Every structure is written in structure tokens, then in C-alpha cells.
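What you see is a predicted model, and the numbers here were worked out from it, not measured in a lab. The chains referred to below are lettered A, B, ... by the order of the sequence lines, with proteins before strands, and numbering in each begins at 1.
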Amino acid sequence: MPVTSVMDEQSPFATFRADVEDYLRSAGLGSFTSLLEIPPSATYGHLALPLFSVTLPSSLPVVPQESLIAGVRIAGHYLNFTAKTPELALMSYRRALERGGRYACLPQERGRVIVEHTSANPLHPMHVGHARNAFLGDSIARLKAARGNKVETHFYVDDMGLQVMIAALGFERAPPMPPGEKPDHWVGFVYAVSNIMYELAQLDHMINEEPEKYSELVSRRDNLMGYAQALREKHQREFDLLSSALRGLDKDAWEKELGQTLRGMEGGDDRFKKRVEAVVKLALEGFRQTLDEAGVSFDSWDFESAMANPEELKALLAAASASPFAVTYKGTLALNCDAVAKLPNVTAELGNLGLKEIPPMVLIRSDGTSLYETRDIIYSMKKLQLADEVYNVVGAEQTLAQLQVKLALFAIGHPKASHLHHVAYEEVRLPGRKMAGRYGSYVTLDELIQTAVTMASQEIRKRNPEIDRESLEKSARSIGIGAVKYSLLSVSAQKAVEFNVTRALDFDQNSAPFMQYAAVRAKSVLRTAEERGICIPSDPRTNQLLHPLEEELVLLCSRLPDVASYAADSLHVESLASHLMTIADRFNSYYASVPIIGAPDAELRGARLALCKLVEISLESGLSLMGIQVPSEMRRKLPKNAGHESSE
RNA sequence: GGACCCGUAGCCCAGCCAGGACAGGGCGGCGGCCCUCUAAGCCGCAGAUCCGGAGUUCAAAUCUCCGCGGGUCCGCCA
């Protein structure tokens with residue numbers, strides 16, 4: 001990918017670091033620049049060189065006047081460098097004013113990037129697990145864009161699976177959607193009822209065939225009936241109509257009809273396509289509403305059925321057969337992934353993989369129809385055609401499958417195989433409540449957002465009972481949704497999380513509302529200053545900023561673009577979350593310990609206001625990279641003995 | 001049987017990629033703070049065998065190996 005790096009696209013802190021590196025070179029220590037680290041406490045300095053393996057020259061050179069280094073001193077086993085924080089503050093402040101909402105990241109790249117994410121099956125509403133995917137993918141897309149890339153987001157619609165066919169069959173027999181029902185919730189209901197009926201038909205068949213397993217089968221049957229009962233409580237009339245319509249189908253009838261639909265889809269038969277489309281369209285309509293509410297948008301919706309195109313399939317199979325890795329496995333064409341993984345260029349990129357036994361990848365069924373993974377290869381090639389780098393945000397349980405797709409591309413000699421990336425995330429569990437989409441048992445993202453927004457409204461109204469409806473809704477949305485996003489984004493994607501609604505919606509410290517609150521406070525100070533006719537100087541006397549928290553805030557903000565860039569490049573969104581948290585935390589402490597508008601003199605006041613502005617821009621632009629908005633106001637809680645609590 | 005991810009105070013999480021100065025936060029607990037720009041806040045106290053062991057190193061939460069515990073994957077399913 002072409003990467004252009006210009007001086008002015010460095011972070012302010014990186015400019016300081018560059019000066020330190022120059023200094024080290026002038027001292028003959030140029031080979032140690034990579035050892036530079038940020039000291040655990042600013043009392044040591046702002047960059048440090050551990051000296052354990054370094055022999056210092058007998059005398060250190062004088063620091064050049066124009067550099068950003070304020071001082072160099074040896075402390076224990078470290079050579080500590082202090083930055084000229086006033087200059088760093090000024091640089092950061094000016095950069096922040098100039099770049100505004102784009103301050104937090106460095107646009108040093110010029111690639112075309114595709115982020116494929118969410119890609120929930122059009123069978124039921126999105127739940128918390130999909131939310132983690134959606135927010136992670138959305139944030140990665142925002143980060144990649146902030147890095148200067150041209151980003152497209154894609155949603156892969158699985159309209160080819162057996163489960164979708166089950167939903168489609170049920171849908172044909174289902175009564176009309178009740179008024180007021182959300183389309184994807186309705187699809188989820190129809191699908192779950194149909195699937196339960198299908199499984200019951202299978203069970204009935206097995207009970208006849210294998211009477212010795214009678215008690216086990218009956219208990220599975222009872223279990224299904226439990227789910228059915230819960231569904232019936234949701235829509236009694238519709239449940240009764242649909243279940244009786246499906247009751248006539250025995251196992252064989254189900255399978256006959258499902259098989260027909262599958263083959264029809266594969267062959268591109270319009271009759272069957274329309275049948276499936278009807279359900280899928282409805283589900284996607286619901287997804288769009290949910291995603292819209294959550295502030296997640298897509299540039300493209302890609303249908304899996306379009307990947308079963310016979311010509312592309314033929315071309316792929318031809319390329320695969322011609323590959324030296326083509327093997328016959330269980331009588332059909334497959335690729336020897338294990339051997340591909342041992343190719344020197346593949347090992348070079350993927351490391352040793354650890355996976356010593358990668359199973360062969362079957363490309364085609366004996367009856368000539370395509371497989372999910374085959375279609376995924378075709379889809380990957382399409383994506384690679386449109387972009388320089390492709391990121392697939394897909395659950396960690398699919399690591400092997402994702403790897404196989406990539407190895408298949410290597411096997412057929414695809415030139416961009418190494419540009420396909422799997423962004424893995426671990427699952428989200430719910431405490432005490434197992435989610436089962438197949439049986440209609442889940443906590444939907446819609447419910448979660450609804451709860452979060454309602455809780456946020458309550459908090460707002462507690463503080464500001466007179467607020468008008470429109471502002472209330474707007475603030476509640478950014479606070480509630482922000483809280484949900486932060487709770488999922490602040491934890492490393494590699495960690496499985498047990499989703500705790502109470503915890504996610506804890507609006508106290510270590511939450512989105514905490515950071516939003518800090519940003520809003522900064523805004524409020526700036527607004528108050530403006531109302532009192534105090535303007536922030538364009539040339540603030542930042543050399544007045546001597547308070548330790550002021551220095552710390554300057555350092556943190558000056559480093560933000562580096563942190564965000566790291567988050568973008570390494571895909572570790574949580575490192576950005578954590579840095580922003582620190583800024584918010586330090587600012588809150590600062591706010592409590594130092595008067596800004598009430599500063600003893602005008603110069604100091606101007607400098608503090610400038611710092612306030614820098615913090616505000618840092619927080620707001622940083623949060624926007626996670627898709628979190630800052631509301632325009634968040635009232636403080638009234639003192640116990642003031643206000644009119646009686647209206648509550 | 002093989003492989004991948006995770007394991008840090010009662011609970012949740014950061015730090016691990018690029019090993020370095022007393023392991024940072026938060027929740028919960030205890031005690032304080034609205035005369036000052038928003039108390040969704042601030043200050044203080046208590047709380048840690050960094051899962052265990054070995055190795056590499058001047059130096060290991062961080063790298064390597066062996067274990068233990070939890071999650072996941074290994075279909076002509078999607």
C-alpha cells in the first residue's frame with residue numbers, strides 16, 4: 001500500500017521523539033533509538049532510554065536550542081528526556097484547531113480498504129454478539145478512513161443456507177405480519193416456529209425408527225415444546241396458524257421441499273429465489289433500522305447467492321484443479337491446505353500457524369453444487385478486486401474456515417492472497433441466559449439499545465426535569481448507545497465477554513458517559529468563557545501551564561494521534577478506548593483542582609482555556625473513531641437541598 | 001487425538017505486539033468534598049502468589065517450553 005509520510009502528518013509528540021532520536025544520533029547512540037520508552041511517571045521525564053545495554057559517551061552533547069527537548073538527565077539506569085511542554089501544547093493546540101474532528105488520527109495512507117462486518121444471518125434480529133461485530137467493524141472502518149484510506153463497508157448476506165430455506169418455507173405458510181411488528185423480529189419468530197416444527201418432524205421420525213432412544217428423544221421433544229410455548233406467548237394467533245400449517249409436513253416432506261429450494265437457489269431459478277428473497281428482504285429491512293439507530297452504515301450489501309454464479313464457479317474450480325495443491329478427497333475435488341500452509345511465502349506471512357494439521361478444503365459437492373466456503377472464496381476474490389486490503393470481521397470460532405479461504409487463494413496463486421485479513425473476535429455470552437436463535441431465544445440489540453436509551457433518559461431527567469423532548473431524545477441516544485458501544489469496544493476482541501447489561505449501562509467511571517461528561521465539561525467551560533466575553537487567544541501563553549496535570553494532559557493529547565494510528569494499524573480499538581479514558585480521567589481531576597476561567601491572571605486563563613479546547617477536540621475526535629458522539633450538554637446533578645425534586 | 005484464544009485484587013478490565021524504574025483503572029467496601037467553570041464528578045483508605053513450574057536475560061505480567069483451568073474449532077453444514 002502506498003504510504004506517504006510528511007512532517008506535518010506526524011503527531012506533535014512524534015516530533016519530540018524525532019528530536020530525541022536526532023539527539024541520540026548526535027551522541028553516537030543512534031542504534032538505540034528503538035529502545036526509547038515512555039516512563040511510568042512523568043516525574044522521570046517524557047521519554048526514556050534504558051541504559052542497561054548502553055555505554056554513554058564521556059560527555060553528552062548540548063541539546064540544540066530549536067529542539068523540543070527541555071532537558072536530559074540521567075536517573076538510575078535511565079537517560080530521561082523532558083519535553084518542552086509549552087511548545088508541545090502550542091503545537092497540539094494549533095493542530096487540533098486546524099484539524100478539528102480529524103485531530104485524533106494521522107492520514108498517512110492512501111489505500112482502498114474494504115471492511116466486511118456484521119453479516120448477520122437474515123433469520124432473526126441482531127443480538128449482542130452481532131453488536132460486538134458491528135461496533136468493532138464500524139470502528140475499524142472509521143479508523144482506517146481516518147488513516148487516509150478510501151473505505152467501503154460490506155455486509156455479506158447469507159441467503160443460501162438450509163436455515164434460510166426453513167425460514168422461507170415457513171414464511172410462505174405464515175399469516176401476515178402483525179401490525180407494529182419490526183420486520184426482522186417477525187422473521188425471527190417465523191423462522192423459530194418453522195425450525196421447531198422441522199426439528200419436531202425429525203424427532204417424530206426418529207422416535208419411530210429408534211424406539212430404544214425413546215426417553216432421550218422425548219426429552220429433546222419436551223425441550224423444543226418449551227421454546228414453542230415461549231413463542232406462542234409472543235404471538236398466540238400467529239403461532240397457532242403457522243404451526244398448524246406446518247404440522248402436515250413430515251420429515252420427508254420437509255426434506256423434499258427444502259432440497260428443491262436449495263437446488264433452485266443454486267440453479268438461479270427465479271421461483272425459488274423470490275421465495276427466499278421475501279424473507280431475506282424483510283430481515284434486512286429490520287437490520288437496517290437497527291443499524292441506523294446504532295449509527296452503523298454500510299456501503300454495500302452482498303448476496304451469497306450471487307457467488308454461486310456457475311461461470312465464476314467453473315473458473316474457480318478450473319484454477320483449483322490446475323493448482324499443484326489439488327487433491328481428491330473422499331472422491332471430490334479439494335485443496336491440500338496443509339501443504340499450502342507450508343509454502344515458504346505463506347509461512348513467512350502467517351508464521352508457523354501452529355496449526356500443524358489443517359484439514360483439506362472440499363470445494364464442491366459430489367452432486368456439483370457449491371459449498372459455503374467455495375462461495376466465500378469467490379466472494380473474497382471479488383472483494384480483493386475492489387480493494388488493496390480486505391478485513392473480514394468474523395467470529396473467532398471461524399478462524400480455521402477463514403484461514404482455509406486464504407490458503408485456497410494462495411493455492412490458486414491469487415496475487416493478493418496476503419491482503420485478505422481475518423479480524424477475529426470472541427463471542428459474547430449472556431449470564432444465565434443461553435441464546436438460541438434457532439428457537440427464538442435471544443436478547444436483541446434493539447432491546448438492549450432501547451434499555452440503554454431509556455436509562456439514559458431517566459438519568460437526564462433526574463438532572464434536568466425541564467428538558468425539551470427533542471434534546472432529551474438526542475442526548476439519551478448518544479449517551480445510551482455510546483455506553484453500549486464502549487462496553488463492547490473497551491475490551492480486547494480476543495477476550496470472550498460475558499455481557500452484563502447492568503455493567504454495560506453503568507454510567508459511572510470507565511464508561512462512555514464518563515468520557516462524554518468530561519468532554520461536555522470542557523465544552524461548557526469554553527461556552528461560559530465565551531458568554532463572559534473571554535476569548536481564547538490564538539497564541540496562548542502555554543509556558544504558564546506548569547501544573548503537573550497540565551503537563552500530563554498536554555502529553556496525552558499530543559500522543560493521541562499516535563495511539564489512534566496504532567489502534568487503526570493493529571486493529572486494537574481498545575488501546576484507543578483506554579487512552580481516551582485516561583485523558584477524560586486526568587481532565588476531570590484537573591477540572592476539580594484548578595480554576596480555568598477563574599485563573600488568577602489573563603495569560604494563565606488563556607492558556608488553560610486553550611488546553612481545555614485541546615482536550616475537548618481530543619476527546620470528541622477520538623470518540624468519533626469509535627462511533628461515539630458527545631452530547632451538547634449533560635447537566636450536573638442538583639444538590640440534595642436545592643431544586644424541586646417533588647416533580648419526580 | 002490435534003490446534004487456536006483467554007487466565008492480572010471479592011468482581012470486571014488495561015498493560016503483553018517492540019522485556020526495563022514502585023503492575024494501572026473501574027465496580028463493590030470504608031472515610032471525606034458542591035462558597036468557585038456541570039457531583040454522570042473529585043480526594044483519601046483497604047484490597048495482587050500478574051494460573052503453576054522451568055528456561056532465556058543484567059532485567060520477565062510481557063519472550064520460550066511444560067503443565068493446570070476456562071472457551072472455541074477440526075462436516076460433501078452455513
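A 3.5 Å limit on both hydrogen-bonding distances identifies B/C33 as the Watson-Crick or G-U partner of B/G41. The pairing partner recorded for B/A3 is B/U72, the criterion being a Watson-Crick or G-U wobble arrangement whose two distances lie under 3.5 angstrom. Pairing partner, B/A61: none, since no Watson-Crick or wobble contact has both distances short of 3.5 Å. Across all strands shown, nothing is found opposite B/A46 as a Watson-Crick or G-U wobble partner with both distances under 3.5 Å.
Atom NE2 of A/His579 and atom C1' of B/G15 are 14 Å apart (whole Å). One interatomic measurement links the two molecules: CZ of A/Arg532 to C1' of B/C37, which rounds to 6 Å at whole-angstrom precision. Following rounding to the nearest Å, A/Met361 (CE) and B/C77 (P) show an atom-to-atom distance of 13 Å. Computed from coordinates, the A/Glu37 CD to B/G19 C1' distance equals 9 Å when rounded to whole Å. Rounded to whole angstrom, the span from the CD atom of A/Glu397 across to the P atom of B/G75 amounts to 15 Å. At whole-Å resolution of the value, CD in A/Glu426 and C1' in B/C4 are 9 Å apart.
When each of A/Ile38 and A/Ser524 is assigned the nucleotide of RNA chain B bearing its nearest heavy atom, the one mapping closer to the 5' terminus is A/Ile38. Nucleotides of RNA chain B nearest to A/Val497 and A/Tyr517 differ in position, and the one nearer the 5' end is that of A/Val497.
Taking every side-chain heavy atom of A/Tyr591 into account, B/C37 is the closest of B/C11, B/A78, B/C37. Residue A/Ala48 has its side chain nearest to B/A21 when only B/C76, B/C37, B/A21 are considered.
Between A/Leu79 and A/Val72, some side-chain heavy-atom pair lies under the 4.5 Å cut-off. Between A/Leu333 and A/Ser321 there is a side-chain heavy-atom pair separated by less than 4.5 Å. Taking the side chain as every heavy atom from C-beta outward, A/Glu304 and A/Tyr156 approach each other to under 4.5 Å.
Taking side-chain N and O atoms only, A/Ser593 has no distance below 4.0 Å to OP1 or OP2 of B/C43. A sub-4.0 Å separation between OP1 or OP2 of B/A39 and a side-chain N or O of A/Arg463 is absent. Phosphate contact (OP1/OP2 of B/C4, side-chain N/O of A/Gln398, threshold under 4.0 Å): absent. The phosphate of B/A39 (OP1 or OP2) has a side-chain N or O of A/Arg636 nearer than 4.0 angstrom. Distances shorter than 4.0 Å separate some side-chain N or O of A/Lys495 from OP1 or OP2 on B/G7. OP1 and OP2 of B/G70 both lie 4.0 Å or more from every side-chain N or O belonging to A/Arg429. For A/Tyr372 and B/A78, the shortest distance from a side-chain N or O to OP1 or OP2 is not below 4.0 Å. A/Gln163 has no side-chain polar atom (N or O) that falls below the 4.0 Å cut-off from OP1 or OP2 of B/A78.
Using atom C1' as the reference point in both B/C77 and B/C66, the two lie 37 Å apart (nearest Å).
Contact annotation for A/Ile596: base contact, defined as any heavy-atom pair under 4.0 Å involving a base atom.
Where stacking is scored as ring centres under 5.5 Å apart with planes under 30°, A/Tyr44 registers as stacked on the base of B/A21.
Within a 6.0 Å radius of NE2 in A/His547, more than 12 heavy atoms belonging to other residues, nucleotides or ligands are found.
A/His124 and A/Tyr442 have their aromatic ring centers within a separation under 6.0 angstrom.
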